[in-house]
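I have placed the structure first, in the form of structure tokens, so that the comments after it can refer back to it.
Hydrogens, waters and symmetry mates are skipped; everything else that's a heavy atom, side chains included, is used. As the structure lists them, so they are numbered: ligands from 1, and atoms in each ligand from 1.
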Amino acid sequence: MSAASSPTSELVSGAPRHVAIIMDGNGRWATQRGRPRLFGHHAGAKRVREIVEACPDFGVEYLTIFAFSTENWKRTQVEVAGLMSLFRRYIAKETRALKAEGVRVRFIGDRVRLDAKLIRLMTELEQETETNSRVNLTIALNYGGRDEVARATQRLAQDVASGLLDPDEIDEETLPRYLDTRVLPDPDLVIRTSGEARISNFLLWQSAYAEYEFIDTLWPDFSKAEFGALCASFGGRDRRFGGVKK
Ligand code: IPE
Ligand code: IPE
Ligand code: MG
């Protein structure tokens, strides 16, 4: 994906157009302070605004953040309920600022398992920000890369069964049109905080050629300065996409 065509990225040469972040380490951050895990999730949620607002400064047009995975339901009922309540409160509280900052919000993931009130808040936030274009924030909530591909395949198969799609037409261009991320460019840079070097089912198809940064900082300590440094170091990477450098 070329960054040169966008007006924002022209300001920062070699900027990652789309950054995706696995916001990890909230639990350990809280434990280090002798506090319950939810205390860490609240601290983590507070970091999001600064990072979203920093995007235009670093030439980032798309920011995608992993908030809750399809595997996170395995956690205790207390933690899951606390997270769901945090998501509801976060959306209600941040809507005004996101709108004012020109942020367009989208959600990816399967909404079916989420409660009705949260789904309503998510839909409203998407609708209220749909004319914004300064930053494209995508929140992955009940998202799993494998689940996304399975749901996409189901819809694709339905289109084949109903005669809308010829199986011979299925290729690398067609399939991603069925993914939750269909309107987003592929991520250029994937950052994971907290020292874990794994992708935990995040953007499996989309990250095929992303650059990765695994950093030790726990998510509640992640700062605009560190984000800027990672975006700057992305500019020095040699992305070959399987080819040979001229
Ligand atoms: C990331 O922090 C947030 C979610 C997965 C919801 P964790 O809760 O995974 O924090 P650690 O990894 O236990 O420190
Ligand atoms: C990935 O973190 C999911 C989110 C950040 C929302 P996890 O903490 O759930 O991942 P694992 O269990 O360490 O792989
Ligand atoms: Mg974790």
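In terms of protein heavy-atom proximity, atom 13 (O) of ligand 1 is nearest to Arg37 NH2, 2.9 Å. When hydrogens are left out, the protein atom nearest atom 2 (O) of ligand 2 is Arg192 NH2, 3.5 Å; that is the closest non-hydrogen contact. The nearest heavy-atom contact from the protein to atom 1 (C) of ligand 1 is Met23 O, 3.0 Å. Distance from atom 14 (O) of ligand 2 to its nearest protein heavy atom, with residue and atom name: Ser200 OG, 2.6 Å. Of the protein's heavy atoms, Arg198 NH2, 4.6 Å lies nearest to atom 12 (O) of ligand 2. Among protein heavy atoms, atom 6 (C) of ligand 1 sits closest to Ala67 O, 3.4 Å. Ranking the protein heavy atoms by distance from atom 10 (O) of ligand 1 puts Gly27 N, 2.9 Å first.
Crowding of Arg49 atom CZ: a count of heavy atoms from other residues, nucleotides or ligands under 6.0 Å not exceeding 12. More than 12 heavy atoms of other residues, nucleotides or ligands shown are found within 6.0 angstrom of CZ on Arg237. The local environment of CZ in Arg33 is crowded, with over 12 non-hydrogen atoms from other residues, nucleotides or ligands closer than 6.0 Å.
Look at His41 and you'll find a heavy atom under 4.0 Å from some atom of ligand 1. The closest approach between Ser194 and ligand 1 stays at or above 4.0 Å for every heavy atom of the residue.
In Lys74, neither the side chain nor the backbone holds a heavy atom less than 4.0 Å from any atom of ligand 2. Of all the heavy atoms of Phe68, the ones lying under 4.0 Å from any atom of ligand 2 belong exclusively to the backbone. Counting heavy atoms closer than 4.0 Å to ligand 1, residue Asn72 contributes side-chain atoms (C-beta onward) but none from N, CA, C or O.
Residues Asn136 and Arg106 have side chains that bring a donor and an acceptor to within less than 3.5 angstrom of each other. A donor and an acceptor atom, one from each side chain of Asp186 and Trp205, are nowhere located under 3.5 Å apart. With hydrogens and angles left out, the side-chain atoms of Thr76 and Arg37 include no donor and acceptor closer than 3.5 Å. Between Thr95 and Glu124, the side chains place no donor N or O within less than 3.5 Å of an acceptor N or O (distance only, hydrogens not considered).
As for Asp24, its N/O/S atom nearest the Mg ion (ligand 3) is the one called OD1.
Distance remark: protein heavy atom present below 4.0 angstrom from atom 8 (O) of ligand 2.
The shortest N or O to N or O distance between Ser69 and ligand 2 is not under 3.5 Å. Here's the thing with Arg28: one of its N/O atoms is less than 3.5 angstrom from an N/O atom of ligand 1. Considering both main-chain and side-chain atoms, Arg75 comes within under 3.5 Å of ligand 1 through a nitrogen or oxygen pair.
Judged purely by atom type and a 3.5 angstrom limit, Asn142 has no side-chain atom pairing as donor or acceptor with the backbone of Arg111. Side chain of Arg182 to backbone of Leu179: a donor-acceptor contact under 3.5 angstrom is found.
Inclusion of Glu196 in the first shell of the Mg ion (ligand 3) is not supported: no N, O or S atom falls under 2.8 Å.
At a threshold of 4.5 Å between non-hydrogen side-chain atoms, the residues Leu63 and Phe227 count as touching.
Ring geometry for Phe66 versus Phe202: interplanar angle under 30°, hence parallel rather than tilted (30 to 60°).
Below 4.0 Å from some heavy atom of Asp24 lie the following atoms of ligand 2, by number and element: 2 (O), 8 (O).
In this structure, Glu50 does not pair ionically with Lys224, as no charged nitrogen and carboxylate oxygen lie closer than 4.0 Å.
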